Amino acid sequence: MYSVTLEWNAVMTWEDDARPSRPALERIIESHGQTLDVGIVTTAASENTRRQSLPSTASEFRDRLSRIGWSELTLVNTIGIYGLTYFELCNWHSHADEEMVSELWSVIAPSTVPESHHEFAEMNQITETDISKPAFQKWRNVWCDVYSIHAHIRSGRDAFVTGDTKNFKGDKKAKLQAVGVNEIYSYCEAVKVFPIV
């Protein structure tokens, strides 16, 4: 079965009926277990939700998926990072994982967002040390993109599907594919390519 990976932003798209890409996302979700294995990365701790609150535990993460009818989706675990991932929904990482994360960061991140949150704080004169706070939102958003892509690659899945089309096009897309991401599609592109029910 063809496996696709959604990032946490898909939840926000699902919860907003006004988003133009929601109907395409609905078709992808409806195909889960029939023609597609639809997975979602477990990197939600770093993303803002529609209510501007973050699922703070693995239980809250699962509850959120259950509330929107996504409890049957495959969970694509990220590697564990203290303060950003759920202990029950992550994998131990290796030196090879760290190297791949650095390579992905160099492709995805703008030069104003270094891989180290300590460097980011220094560059932006942030005195706050809690990386879950609003001052680190820009850094966390890049972190989530990088670790979501890494989880997808590490799990050996076929296609990464995202609503964030600006970050994954052109030269960036080609570089990410060279690292091992396979295919990257928007929701609307995906329904034209995937075996959708």
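These numbers were taken from a predicted model, which means no experiment stands behind them.
- Within the 4.5 Å cutoff, no side-chain heavy atoms of Asp16 are placed close to those of Met12.
- At a threshold of 4.0 Å, the pair Arg64-Glu15 counts as salt-bridged, since one of the basic side-chain nitrogens sits closer than that to a carboxylate oxygen.
- In this structure, the side-chain hydrogen bond (donor to acceptor under 3.5 Å, both in side chains) partners of Thr13, at least two apart in sequence or on a different chain, are Arg19.
- A donor and an acceptor atom, one from each side chain of Thr78 and Thr42, are nowhere located under 3.5 Å apart.
- A pairwise comparison of heavy atoms in Pro114 and Thr112 identifies CD-O, 3.5 Å as the closest pair.
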Next on the checklist: One pair to check against side chain to side chain contact (heavy atoms under 4.5 Å, CB included): Ile184 and Val161. What are the steps and the verdict?
Outcome noted: CA-CA 6 Å; Ile184 303 173; Val161 182; over 6 Å; no
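- In this structure, the side chain of Asp158 engages the main chain of Ser3 through a donor-acceptor pair within 3.5 Å.
- In this structure, Val113 and Met123 have side chains that are not in contact, with every pair of non-hydrogen atoms separated by 4.5 Å or more.
- By the ring-ring contact (aromatic ring centres under 6.0 Å, His included) test, Phe194 pairs with Tyr2, Tyr185, sequence neighbours left out.
- Annotation: side chain of Leu65 is in contact with side chain of Leu75 (closest heavy-atom distance under 4.5 Å).
- At distances below 3.5 Å, at least one donor-acceptor pair connects side-chain atoms of Glu128 with backbone N or O atoms of Asp130.
- For Tyr187, there are no ring-ring contact (aromatic ring centres under 6.0 Å, His included) partners two or more places apart in sequence or in a different chain.
- Separation of the Trp8 and Phe61 ring centroids falls under the 6.0 Å cut-off.
- Applying the ring pair (Phe, Tyr, Trp, His ring centres under 6.0 Å) rule to pairs touching residues 11-31 yields Trp14-Trp70, sequence neighbours excluded.
- Using a distance-only test at 3.5 Å, with no hydrogens or angles considered, a donor-acceptor pair links the side chain of Gln177 to the main chain of Asn182.
- The shortest distance between side-chain heavy atoms of Leu6 and Val41 does not fall below 4.5 Å.
- A single hydrophobic cluster is seen to contain both Val179 and Tyr147, as judged by linkage of ILVMFWY side chains at heavy-atom distances under 4.5 Å, directly or through other members.
- Looking at Thr162 and Asp145, their side chains never come closer than 4.5 Å, going by heavy atoms from C-beta outward.
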Next on the checklist: Show, in sequence, the C-alpha distance, side-chain angles and deciding distance for Thr5 and Ile40, and conclude whether the side chain to side chain contact (heavy atoms under 4.5 Å, CB included) test is met.
Outcome noted: CA-CA 5 Å; Thr5 306; Ile40 185 161; over 6 Å; no
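- Both Val193 and Leu25 are members of a single hydrophobic cluster when ILVMFWY side chains are connected at heavy-atom separations under 4.5 Å.
- Within 6.0 Å of the NZ atom in Lys173, the count of heavy atoms belonging to other residues, nucleotides or ligands exceeds 12.
- Ring geometry for Phe120 against Phe136 counts as tilted: the plane angle lies between 30° and 60°, on a 0 to 90° scale.
- We find that Arg67 and Asp63 are not joined by a salt bridge, their nearest charged nitrogen and carboxylate oxygen being 4.0 Å or further apart.
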Item to check | Candidate pair Leu36 and Ile196, rule side chain to side chain contact (heavy atoms under 4.5 Å, CB included), full reasoning | outcome: CA-CA 8 Å; Leu36 297 175; Ile196 299 292; 3.9 Å; yes
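- Nearest approach of Thr43 to Cys144, heavy atoms of both residues: OG1-SG, 3.3 Å.
- Residues Val76 and His152 come closest through the heavy atom pair CG1-N, 4.2 Å.
- Within the structure, the side-chain hydrogen bond (donor to acceptor under 3.5 Å, both in side chains) test picks out the following pairs touching residues 26-38 (sequence neighbours left out): Arg22-Glu26, Asp37-Thr74, Asp37-Arg157.
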Next on the checklist: For Leu176 and Ile108: C-alpha separation, side-chain torsions, deciding distance, then whether side chain to side chain contact (heavy atoms under 4.5 Å, CB included) applies.
Outcome noted: CA-CA 8 Å; Leu176 290 170; Ile108 292 173; 4.0 Å; yes
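- Note on Ile68: it clusters hydrophobically with Ile28, by side-chain heavy-atom contacts below 4.5 Å among ILVMFWY residues.
- Pairs passing the side-chain hydrogen bond (donor to acceptor under 3.5 Å, both in side chains) check and including a residue from residues 99-109, sequence neighbours excluded, read His95-Glu99, Ser102-Glu115.
- Heavy-atom neighbours of Glu72 CD from other residues, nucleotides or ligands within 6.0 Å: at or below the threshold of 12.
- Distance alone, capped at 3.5 Å, is enough to place a donor-acceptor pair between the Ser155 side chain and the Ala151 backbone.
- Here the side chain of Asn124 pairs no donor or acceptor atom with the backbone of Ile126 at under 3.5 angstrom.
- Residues His117 and Arg140 have side chains not in contact (no heavy-atom distance under 4.5 Å, counting atoms from C-beta outward).
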